[in-house]
Structures are given as C-alpha cells and as structure tokens.
Amino acid sequence: MKKIMPIIILLGLLLIPSTPYALDPQAGAKFKNAGMIQVQTPDPAKDQITLTHLKTRKVEPIKSGKLAVVPVGTYRLRVVMVDETYDGKVTVRRAERTDAIIGFGKLKVKGPRNALVQVFEKKQGKLMAEFPAGESQILPRGLYEVRVRMNGIESQRSDLLVVSSRTSELKIRS
C-alpha cells in the first residue's frame, strides 16, 4: 500500500485541470496580447516609420525591414521617405504577422517571351532586375532605364518612372 499511494497522488495531480495562460498554446506568453509587424521601405537607413495606436495613442517607432512585436490593435502607419510621405491604417492581430510594403511599385513588361528585360537605376546605372518579358517585377519608386534584348541584341531602350503603389507598363515593339 505504501508503494501504491505516491502513484495514486501523482495520478490525482495529473487529473486536476490546469488554467491555460494563452488562448493559442503555440503562440506562447509573449503573444498573449501582441502581434508582429514588418514594414519594408526602399531606403531603410533614411526612412522613418512610426506606428500610433489609435486607441491608446502610444507612438512606436520601428525600423524598416525589422520584425517588431507590438500590442494588438489598429494603428496609424506613417512613413516619411526622402521625397514622399505615406499615411495609412494597419491592423495587428494577436499572434499574427502583418507586412506592409511602402514606396515600391510594379513594372510589367508585355512582349514576346524570348525577350530579356534589364532594369537599371537611372542615376548610378546599377542593374536592379533582369527577367523575361511577360512577367512583372516589384521595384523601389524611381526613374529607371529599361533595356530589352532579343536574341542577344539590344532592341529597345526606354526611360521609365516607377511610382509607389502603382503598376507601370511597358510594351515591347517587335
């Protein structure tokens, strides 16, 4: 009986219901009332990002490209870039990740699939993207030189402005 008594006590303790600390056991205590946000901007060193909680008015500065853990709720997202300011709303939910991409646009090139599109930054001449025609590419806002090569020969050269949150289209002459 002396050997069986500790086993009975242990089983009794295991059967007592315990109180959960978070609604989602996979999320852990860190995310009981918090979520994650990551804001991506073209120039992380210069761009300034602030989140203002609409209910508490608490202001949280965050860094571009870095994942930040913040309390759940709706925020005013303000991004100050070199020549542009973005204001918008974003909602952070418990134990979820929210992503915001600000200051980028899309370049869509229409033309034959055998054409190769090269996108160069206009000021410095740096190659930013290379992809087949018929596809699209996300690029930081700015002025670009687009070169099109077919069968190894450059067939077209154009200057193109990529604007934030818009799609710029280029049709290739054949």
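Distance CG/Leu51 to OG1/Thr74: 11.5 Å, rounded to 0.5 Å. Remark: Thr50 OG1 to Leu77 CG distance equals 7.5 Å, nearest 0.5 Å. Annotation: the span from Ile49 atom CD1 to Met81 atom CE amounts to 9.0 Å, rounded to 0.5 Å. A distance of 8.5 Å separates CG in Asp99 from CD in Gln40, rounded to the nearest 0.5 Å. How far OG of Ser64 is from CG of Asp47: 6.0 Å, rounded to the nearest 0.5 Å. Note that NZ of Lys122 and CG of Asp159 are 3.5 Å apart. Values are rounded to the nearest 0.5 Å.
Applying the side chain to side chain donor-acceptor pair (under 3.5 Å) test to every pair with at least one member in residues 129-142, sequence neighbours left out, gives these pairs: Asp83-Arg141, Glu84-Arg141, Gln118-Glu130. Applying the ring-ring contact (aromatic ring centres under 6.0 Å, His included) definition to pairs two or more places apart or across chains, those involving residues 72-109 are His53-Tyr75. Sorted by first and then second residue, the ring-ring contact (aromatic ring centres under 6.0 Å, His included) pairs with a member in residues 105-138 form an empty list; sequence neighbours excluded.
Leu139 and Val79 fall into different hydrophobic clusters, where Ile, Leu, Val, Met, Phe, Trp and Tyr residues are linked whenever their side-chain heavy atoms come under 4.5 Å apart, directly or through other members. Criterion: ILVMFWY side-chain heavy atoms under 4.5 Å apart, direct or through other members. Under it, Val69 and Leu67 are part of a common hydrophobic cluster. Under the 4.5 Å side-chain heavy-atom criterion for grouping Ile, Leu, Val, Met, Phe, Trp and Tyr, Val90 is connected to Ile62 within one hydrophobic cluster. Side-chain heavy atoms closer than 4.5 Å link hydrophobic residues (I, L, V, M, F, W, Y) into clusters, and following such links, possibly through other members, connects Val109 to Leu160. When the side chains of ILVMFWY residues are joined at heavy-atom separations under 4.5 Å, either directly or via intervening members, Val70 and Met36 end up in two distinct hydrophobic clusters.
The minimum heavy-atom distance linking Ala129 with Leu127 is given by the pair O-CD1, 3.5 Å. Of all the heavy atoms in Pro44 and Pro42, the pair that sits closest is CD-O, 3.5 Å. Contact between Ser155 and Met150 at its shortest, heavy atoms only, is OG-CE, 3.8 Å. Looking at every heavy atom in both residues, Ser164 comes nearest to Gly103 through OG-CA, 3.4 Å.
Glu121 is not listed as a side-chain neighbour of Pro140, based on a closest heavy-atom distance of 4.5 Å or more.
With hydrogens and angles ignored, the 3.5 Å screen pairs a side-chain donor or acceptor of Gln38 with a backbone N or O of Gly65. Proximity of a side-chain donor or acceptor of Thr41 to a complementary backbone N or O of Ile102 within less than 3.5 Å is not detected.
Scanning for salt bridge (Lys or Arg N to Asp or Glu O under 4.0 Å) contacts around Asp87 gives Arg76, Arg78, with sequence neighbours left out. Val72 is linked by a side chain to side chain contact (heavy atoms under 4.5 Å, CB included) to Arg94, counting only residues two or more places apart in sequence or in another chain. Checked against side chain to side chain contact (heavy atoms under 4.5 Å, CB included), Lys58 has the following partners two or more places apart in sequence or in another chain: Thr56, Glu60.
Residue Leu143 places its CG atom among more than 12 non-hydrogen atoms of other residues, nucleotides or ligands, all under 6.0 Å distant. Under a cut-off of 6.0 angstrom, the local environment of CG in Asn151 is sparse, with at most 12 non-hydrogen atoms contributed by other residues, nucleotides or ligands.
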